[in-house]
Number of protein chains: 2
Amino acid sequence: MPETKQRATIEAVHAALRADLITGVHPPGERLKFAPLCERYGASVSVVREALTRLEQQGLVESEPRIGFRVRQVSVEDLDDLTETRIDVETLALRHAIEHGDIDWETALVAAHHRLERTAMLSDDDPPQLRDDWESAHVAFHDALLAGCTRRWLLGMARTLRDAGEFYRRLSQVHEPDRDVAGEHRGLLDAALARDADEATRLLREHYERTAAIVRDALE
Amino acid sequence: MPETKQRATIEAVHAALRADLITGVHPPGERLKFAPLCERYGASVSVVREALTRLEQQGLVESEPRIGFRVRQVSVEDLDDLTETRIDVETLALRHAIEHGDIDWETALVAAHHRLERTAMLSDDDPPQLRDDWESAHVAFHDALLAGCTRRWLLGMARTLRDAGEFYRRLSQVHEPDRDVAGEHRGLLDAALARDADEATRLLREHYERTAAIVRDALE
DNA sequence: TGTGCAGGAATATTCGAATATCTGTTGAAC
DNA sequence: GTTCAACAGATATTCGAATATTCCTGCACA
């Protein structure tokens, strides 16, 4: 790679910063000063600033004008609020998807589930960590689940909330051995294919509440 | 005012641009080029850019990287999508407000309703226009209605959707003489104070659907 | 000891120029 | 006549410096 001195694009910095936030490189509450960030991501202040602005709208960082940006503060109350809202919104989207999803939606969903099922969840490290490829397969599955919903505004809301939720989930890379995550996903798939909206939304709610409970424990 | 040559703040440009978008100064689909915007708002590209970025997240403008920004395209489909989503989300928030709102909430709500009731809706122009002070009293009333909801994430979603809806509503400054808007607001107030969530959400739904229908007609 | 007020260091914000990218047009080759 | 390349003008994007604001430290004064 012969000295690819690229200019920093906002897209790239935004993605990198977002990844660092979600994976906990910058812990909650930490001040995000421009100088270090420019250094770390090889960009100028303008680019960093715009990335931060976007992340603020997505709820990953917060800012006070003239003071600066900081990583979003987390709390049990906020987690509970977020979880409930997320369940409410995703439930609406899922119900809509189940009612309106076509054969393409079903097919993509089955495909996404297959990949998730066949991807190992934990790494070989000690303590074991959630594998990156499992993480992305997981996100892709939940995306596919909602993809049948044609209401773009609703999907937009759901996506924002998911990002914020991801923030919490990664914060506490906790694994609960007793939990049958694969089974939960299988159940969601089956209910969706059976077009059983009540059952699917019930499972979705449980799925998120269980995850939230784990994160809550880790937080306290 | 002795030559107050202020630097342009992002806050100010964002607010001004948002107001211009909502009131239709820049029609939907119009390209928003930097040079004219900088001129109009007396700011440099950086601040205009950040304002546009924020408005994009709020759904008022859309952008394609490296191409530029434009005023959000409107369509009947998008309006319907938005309206439904807004009803769904606000319904959740209203229900929560009615269940959890305290005496302060009630008091503020009564106050907001009083101001709305005592403000004239239409100007003396021909054709009559919605008066600015009525508009703000109207927004304030709907804000007060949801303010009892303590779920911040849910409120954030509702606020974003309201902004986008406002965009449509102002787009078509249509007035329907037969409609008893004041009565609709009175009904909402009464149901909220009576803590009748079912009735209140039903009224809210009708209120928005009626507005959407008018906008839809104007759009076609 | 406490309070308030410089003054300077640290930091965010804004600016305008430099750079990269896109878009449309012209002209040559086929 | 059509296609493609090269150029030029328009425009978005990025940069780094200039400016404004906040924060901190130390000193005078009560």
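Here is how names work: the chains are called A, B, and so on, in the same order as the sequence lines, proteins then strands, and each is numbered from 1.
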Next item on the list: Grab the CD-C1' distance between B/E50 and C/dG16 for me, whole Å please.
Entry: 17 Å
Note to self: Is the ring pair A/W134/A/H185 parallel, tilted or perpendicular, if the boundaries are 30 and 60 degrees?
What the structure shows: tilted
Margin query: Distance check needed: C/dT11 P versus A/L32 CG, whole Å only.
Written below: 13 Å
Next item on the list: Just compare C/dC15, D/dT13, D/dA12 and give me whichever is closest to any side-chain atom of B/A43.
Entry: C/dC15
Note to self: Tell me the interatomic distance from A/I67, atom CD1, to D/dA20, atom C1', rounded to whole angstroms.
What the structure shows: 13 Å
Next item on the list: Indicate whether OP1 or OP2 belonging to D/dA12 is found under 4.0 Å from a side-chain N or O atom of B/R31.
Entry: yes
Next item on the list: Provide, to the nearest angstrom, the distance between the NZ atom belonging to A/K33 and the P atom belonging to C/dA9.
Entry: 16 Å
Next item on the list: Scan residues 51-62 of chain A against DNA chain D and write down, sorted by residue number, each residue with any heavy atom closer than 4.0 Å; if none is found, say none.
Entry: none
Next item on the list: Would you mind reading off the distance between A/E64 atom CD and C/dA12 atom P, rounded to a whole angstrom?
Entry: 13 Å
Note to self: Checking contacts here: which listed nucleotide (D/dG16, D/dT13, C/dT13) is nearest the side-chain heavy atoms of B/R49?
What the structure shows: D/dT13
Notebook entry, point to check: For D/dT14, does either OP1 or OP2 sit under 4.0 Å from a side-chain N or O belonging to B/R66?
Noted result: yes
Checklist line | Rounded distance (Å) that lies between atom C1' of C/dC22 and atom CZ of B/R70 | finding: 14 Å
Item checked: Separation of D/dA10 P from B/F34 CZ (nearest whole Å) -> 18 Å
Notebook entry, point to check: Rounded to the nearest Å, what distance is computed from the CD atom of residue B/E11 to the C1' atom of nucleotide C/dT13?
Noted result: 13 Å
